[in-house]
Trainee: 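One structure coming up, written as structure tokens, with questions to follow.
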Amino acid sequence: MKKYLLLPLFIICMFSACNKSDEFIPEIEEQVNELILSAKWNVDTESVEYEFDILDGNGDYTASFSEEDAGKVVIEGTKVKVSLLKNHVSVTITDKKQQSKTVIINSTAKSLIPQDYSIFIVNGDTYTMKDISFGVGGYGIEKINGNSAEVSIDENDNVKISTLRQGNSYYKLIDKRGTTASLNVLVGAIYDLVANTIRINAVNDQTFSIVLKNGNAWKVITKEPYSPIIDEVYLMPKSDTNKYDVLQINTAKGDMKGSTTIELKDKTGNIALVTVMVN
């Protein structure tokens, strides 16, 4: 009788022990490998191209730049190929486990040196820019803002500018690799100050110059800020290239209307008044 009673109890105990054992089976954690690159975090090159390898990681690699238009990057297996469009870029490699490493690439390639071109041209004139020094040629042009000029590229990669009206226009030059440079076309006028006063009609976002032929060693007496219609005022003293002092005025962008007067004084105490009206 005792043997008969112990058998179910033994079976129940075995079943209970099996269930209890199943509850404590440990989960196997998936291994996460450290992301390791062959490149140091900061590298220098003389080229417009740079390559490095992914030595270890967790697969599904992606690459991104810290800023737009910095370059192009392709990952082929574990090989990273970077085509630079700027001389200082930051590339981040990320794997599927969100491990990431960043490589800063500094290039001294001449074609990547940043260039900004500003051309002052009198309304009614034309101008041709030759021997552009940025990029690798095959230029294109993209207008950003403004309607004061027409800009085109000829078959010899020269930039041809034709004026339409006074005001400033802004463009982006792009070479065949995608490297960019800014081009500012300032269509204005040049005036001569031969008396003590001059009145000038202008538009918003315009640059013009006043040749100060009356007097010598002029200084701007009016204190900043000049007026909401004025952005900047420069006084360029007489030099080997300038026979006279020259006052350059940039009017404000936007829709600023009104008038203001800028007072000048020369070394003998003569006063000149330049009145600017933006209608």
Trainee: Report the distance from atom CD of Glu51 to atom CD1 of Ile105, rounding to the nearest 0.5 Å.
Mentor: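 Separation between the atoms: 10.5 Å.
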Trainee: Membership question, hydrophobic clusters at under 4.5 Å side-chain separation (ILVMFWY): are Ile262 and Leu273 in the same one?
Mentor: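 Different clusters: Leu273 never reaches Ile262 through Ile, Leu, Val, Met, Phe, Trp or Tyr contacts under 4.5 Å.
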Trainee: Considering the options Asp266, Asp245, Asp192, which one meets the salt bridge (charged side-chain N to carboxylate O under 4.0 Å, His left out) requirement together with Lys213?
Mentor: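 When Asp266, Asp245, Asp192 are each tested with Lys213, the salt bridge (charged side-chain N to carboxylate O under 4.0 Å, His left out) holds only for Asp192.
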Trainee: Answer yes or no: is there a donor N or O on one side and an acceptor on the other, between the side chain of Asp157 and the main chain of Gly138, under 3.5 Å?
Mentor: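 Judged by distance alone, yes, a pair lies under 3.5 Å.
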Trainee: Are a donor atom and an acceptor atom from the side chains of Asp116 and Ser182 found within less than 3.5 Å of each other?
Mentor: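 Present: a donor and an acceptor within the cut-off.
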Trainee: Among Thr207, Asp205, Asp231, which residue satisfies the side chain to side chain donor-acceptor pair (under 3.5 Å) criterion with Asn250?
Mentor: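 Exactly one pass, corresponding to Thr207.
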Trainee: In Å, rounded to the nearest 0.5 Å, how long is the span from OG of Ser100 to CD1 of Ile93?
Mentor: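 It comes to 10.0 Å.
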Trainee: Does the side chain of Thr222 reach to within under 4.5 Å of the side chain of Val233, using non-hydrogen atoms?
Mentor: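 No - every pair of side-chain heavy atoms lies 4.5 Å or more apart.
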Trainee: For Thr45 and Ser47, does a side-chain donor sit closer than 3.5 Å to a side-chain acceptor?
Mentor: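 Result is no, nothing qualifies.
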Trainee: In Å and rounded to the nearest 0.5 Å, what is the CG to OG distance from Asp56 to Ser38?
Mentor: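 Going from the CG atom of Asp56 to the OG atom of Ser38 covers 12.5 Å.
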Trainee: Begin from the C-alpha positions of Lys265 and Lys219 and carry the test side-chain contact (heavy atoms from CB on, under 4.5 Å) through to its verdict.
Mentor: CA-CA 5 Å; Lys265 178 190 268 188; Lys219 293 183 179 181; 5.6 Å; no
Trainee: Quick check for you: to the nearest 0.5 Å, what is the distance between Gln166 atom CD and Asn201 atom CG?
Mentor: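 Nearest 0.5 Å value for the CD-CG distance: 9.5 Å.
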Trainee: If you measure from CZ on Arg177 to NZ on Lys72, what distance do you get to the nearest 0.5 Å?
Mentor: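 Separation between the atoms: 8.0 Å.
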Trainee: Taking C-beta and beyond as the side chain, do Ser133 and Tyr117 meet within less than 4.5 Å on heavy atoms?
Mentor: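 Ser133 reaches Tyr117 side chain to side chain.
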Trainee: Search all heavy atoms of Val276 against all heavy atoms of Ala202 and return the closest pair with its distance.
Mentor: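 Where Val276 meets Ala202 most closely, the heavy atoms are CG1-CB, 4.3 Å.
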Trainee: What are the two closest heavy atoms between Ile104 and Ser90, and how far apart are they?
Mentor: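 Minimum heavy-atom contact is CG1-OG, 4.2 Å.
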Trainee: Can you check side-chain contact (heavy atoms from CB on, under 4.5 Å) on Lys96 and Thr62, steps first, answer last?
Mentor: CA-CA 9 Å; Lys96 68 179 181 181; Thr62 61; over 6 Å; no
Trainee: Tell me whether Lys253 forms a cation-pi arrangement with Tyr170, defined as NZ or CZ under 6.0 Å from the six-membered ring centre and within 45 degrees of its axis.
Mentor: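 Verdict for Tyr170: a cation-pi partner in Lys253.
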Trainee: May I ask you to test the Asn204-Lys257 pair for a side-chain heavy-atom distance under 4.5 Å?
Mentor: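 Result yes, sub-4.5 Å side-chain heavy-atom pair found.
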Trainee: Taking all non-hydrogen atoms of both residues into account, name the closest pair between Ala272 and Leu193 and its distance.
Mentor: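 That closest heavy-atom pairing would be CB-CD2, 3.8 Å.
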Trainee: Judged by atom type as modelled, is there a donor-acceptor pair below 3.5 Å linking the side chain of Thr251 to the main-chain atoms of Val203?
Mentor: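 At least one qualifying donor-acceptor pair exists.
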Trainee: Applying a strict under-4.5 Å side-chain criterion to I, L, V, M, F, W and Y, I'd like to know whether Leu55 and Tyr61 cluster together.
Mentor: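 As far as the 4.5 Å side-chain criterion goes, Tyr61 and Leu55 are not connected within one cluster.
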Trainee: I'd like to know if the side chain of Lys143 and the backbone of Tyr171 have a donor-acceptor N/O pair within less than 3.5 Å.
Mentor: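 Judged by distance alone, no pair lies under 3.5 Å.
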Trainee: Any side-chain heavy-atom pair from Ile210 and Ile200 closer than 4.5 angstrom?
Mentor: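 Side chain of Ile210 against side chain of Ile200, heavy atoms only: contact under 4.5 Å found.
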Trainee: State, with a plain yes or no, whether a side-chain heavy atom of Leu212 is found less than 4.5 Å away from one of Leu264.
Mentor: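 Leu212 reaches Leu264 side chain to side chain.
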Trainee: With a 6.0 Å cut-off (strictly less than), is the heavy-atom count around NZ of Lys160, excluding the residue itself, greater than 12?
Mentor: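 No, not enclosed.
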Trainee: Is there a chain of hydrophobic side chains (I, L, V, M, F, W, Y, each step under 4.5 Å between heavy atoms) that links Phe52 to Ile75?
Mentor: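 The answer is yes; both residues are in one hydrophobic cluster.
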Trainee: Between Phe120 and Tyr127, does the ring centroid distance fall short of 6.0 Å?
Mentor: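 Here the rings of Tyr127 and Phe120 have centres that are no less than 6.0 Å from each other.
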Trainee: Evaluate the side-chain proximity of Trp218 to Leu247: yes if any heavy-atom separation is below 4.5 Å, no if none is.
Mentor: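 The answer is no, as the side chains (C-beta and beyond) never meet within the 4.5 Å cut-off.
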Trainee: Given the rule that I, L, V, M, F, W and Y join up when any side-chain heavy atoms are under 4.5 Å apart, are Val274 and Val211 in one cluster?
Mentor: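 No, Val274 does not connect to Val211 through the hydrophobic network.
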Trainee: Kindly say whether Val187 contributes a backbone atom to a donor-acceptor pair with the side chain of Asn123 at under 3.5 angstrom?
Mentor: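 Side chain of Asn123 to backbone of Val187: no pair is present.
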Trainee: Mind checking the CG-OG spacing from Leu84 to Ser111? Nearest 0.5 Å is all I need.
Mentor: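 Interatomic distance, Leu84 CG to Ser111 OG, rounded to 0.5 Å: 9.0 Å.
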Trainee: Could you see if Ile153 belongs to whatever hydrophobic cluster contains Ile174? Use Ile, Leu, Val, Met, Phe, Trp, Tyr and a side-chain cutoff under 4.5 Å.
Mentor: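 Looking at the clustering, Ile174 is in a separate group from Ile153.
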Trainee: Do we see a donor-acceptor contact under 3.5 Å between the side chains of Asn196 and Asn270?
Mentor: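 No, Asn270 and Asn196 have no side-chain donor paired with an acceptor closer than 3.5 Å.
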Trainee: Side chains of Thr92 and Thr102: any donor to acceptor distance under 3.5 Å?
Mentor: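 Looking only at side-chain atoms, Thr92 and Thr102 do form a donor-acceptor pair, the distance falling under 3.5 Å.
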Trainee: I'd like to know if the side chain of Asn58 and the backbone of Asn33 have a donor-acceptor N/O pair within less than 3.5 Å.
Mentor: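 Flag set: sc Asn58 to bb Asn33 pair under 3.5 Å.
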Trainee: Check step by step if side-chain contact (heavy atoms from CB on, under 4.5 Å) holds for Val80 and Ile54.
Mentor: CA-CA 7 Å; Val80 182; Ile54 302 172; 3.9 Å; yes
Trainee: Taking CG in Asp131 as the centre, count heavy atoms belonging to other residues, nucleotides or ligands within less than 6.0 Å. Is the count above 12?
Mentor: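 For Asp131, atom CG is not crowded (no more than 12 foreign heavy atoms under 6.0 Å).
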Trainee: Of all heavy-atom pairs between Lys81 and Glu76, which one has the smallest distance, and what is that distance?
Mentor: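 For Lys81 and Glu76, the tightest heavy-atom pair comes out as NZ-OE1, 3.0 Å.
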Trainee: For the CD atom on Glu150, are there more than 12 heavy atoms of other groups (residues, nucleotides or ligands in this structure) within a distance under 6.0 Å?
Mentor: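 No, because the 6.0 Å sphere around CD of Glu150 holds 12 heavy atoms or fewer from other groups.
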Trainee: Could you tell me which non-hydrogen atom of Met256 sits nearest to which non-hydrogen atom of Pro228, and how far apart they are?
Mentor: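 Met256 and Pro228 have their closest heavy atoms at CG-O, 3.6 Å.
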Trainee: Write down the atom of Thr126, the atom of Ile121, and the distance for their closest heavy-atom approach.
Mentor: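 Heavy atoms only, the tightest pair is C-CD1, 3.6 Å.
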Trainee: Does any non-hydrogen side-chain atom of Leu164 lie less than 4.5 Å from one of Asn147?
Mentor: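 In short, these two side chains do not touch, never coming nearer than 4.5 Å.
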Trainee: Less than 4.5 Å apart, any side-chain heavy atom of Ile132 and any of Gln115?
Mentor: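 Side-chain contact under 4.5 Å: no.
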Trainee: Charged N to carboxylate O below 4.0 Å: is that the case for Asp53 and Lys79?
Mentor: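 Salt bridge flag = yes for Lys79 with Asp53.
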Trainee: Under 3.5 Å, side chain of Ser169 to main-chain N/O of Ser148, donor-acceptor pair present?
Mentor: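 Between the backbone of Ser148 and the side chain of Ser169 there is a qualifying donor-acceptor contact (under 3.5 Å).
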Trainee: Begin with the C-alpha distance, continue with both residues' side-chain angles, and end with the deciding distance and a verdict on side-chain contact (heavy atoms from CB on, under 4.5 Å) for Thr275 and Thr197.
Mentor: CA-CA 8 Å; Thr275 299; Thr197 62; over 6 Å; no
